[in-house]
Chemist: 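Okay, handing you the structure first.
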Amino acid sequence: MDTLISIGELSSSTGISIRAIRYYEEIGLLIPYKTSQNNYRYYSDMEKGKLGVILILKKMGFSLREIKTRRSVGSLAGGFDEKDE
DNA sequence: CTTCTAACA
DNA sequence: TGTTAGTA
């Protein structure tokens, strides 16, 4: 099922501020599905899983910049950016 | 009511 | 990170 949720749903579901979610996208550690309408961001349950890992890493004391390169924990999110640097 | 961009504090 | 302005 491609359950796409809006940023508001994701924020209320994860407890993160919309501002933070947009910021994660800005730094490239969370990539939503841009849909046609106006540039609305829609996320799937996979993004929510990635965001969950990000929260854990942050809570552990990782900087957003470190998390961005934490593709080594791909097994956790099952879909991190296998991009280099 | 909800979302988006951009810039400022 | 919060928030404000105007908009669809």
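As a basis for the values below, the full set of heavy atoms in this structure was taken, side chains included, without hydrogen atoms, waters or symmetry mates. Chain letters run A, B, ... following the sequence lines, proteins first and then strands; every chain starts at 1.
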Chemist: When you measure from the side-chain N and O atoms of A:Ser6 to the phosphate of B:dT2, is any distance below 4.0 Å, counting only OP1 and OP2?
Modeler: no

Chemist: Can you check side chain to side chain contact (heavy atoms under 4.5 Å, CB included) on A:Met46 and A:Tyr33, steps first, answer last?
Modeler: CA-CA 11 Å; A:Met46 191 174 76; A:Tyr33 293 97; 4.2 Å; yes

Chemist: Give me the distances for all protein-to-nucleotides 6-8 of chain C N/O pairs that come in under 3.5 Å?
Modeler:
none

Chemist: Could you please name the option among C:dT1, C:dG2, B:dT3 that lies closest to any side-chain atom of A:Leu64?
Modeler: C:dT1

Chemist: Using only heavy-atom distances, determine whether the side chains of A:Tyr43 and A:Lys50 contain a donor-acceptor pair under 3.5 Å.
Modeler: no

Chemist: Does OH in A:Tyr23 sit with more than 12 non-hydrogen atoms of other residues, nucleotides or ligands closer than 6.0 Å?
Modeler: no

Chemist: CD1 of A:Ile21 versus P of B:dT2: gap in Å, rounded?
Modeler: 14 Å

Chemist: Where is the tightest heavy-atom contact between A:Leu64 and A:Leu29, given as atom of each residue plus distance?
Modeler: O-CD2, 3.9 Å

Chemist: Collect all protein-nucleotide pairs involving nucleotides 6-9 of chain B in which both atoms are nitrogen or oxygen and the distance is under 3.5 Å.
Modeler:
from	atom 1	to	atom 2	distance (Å)
B:dA7	N6	A:Arg19	NH2	2.8
B:dC8	N4	A:Arg19	NH2	3.4

Chemist: Step by step, would you call A:Tyr24 with A:Arg19 a side chain to side chain contact (heavy atoms under 4.5 Å, CB included)?
Modeler: CA-CA 9 Å; A:Tyr24 298 155; A:Arg19 233 316 194 132; over 6 Å; no

Chemist: Compare every heavy atom of A:Thr14 with every heavy atom of A:Lys48, then report the nearest pair and how far apart it is.
Modeler: CG-CG2, 4.1 Å

Chemist: Could you report the tightest heavy-atom contact between A:Pro32 and A:Glu25, atom names first, then the distance?
Modeler: CD-CG, 3.6 Å

Chemist: Would you name the heavy atoms of A:Ile16 and A:Ser11 that are closest together and state the gap between them?
Modeler: O-CB, 2.9 Å

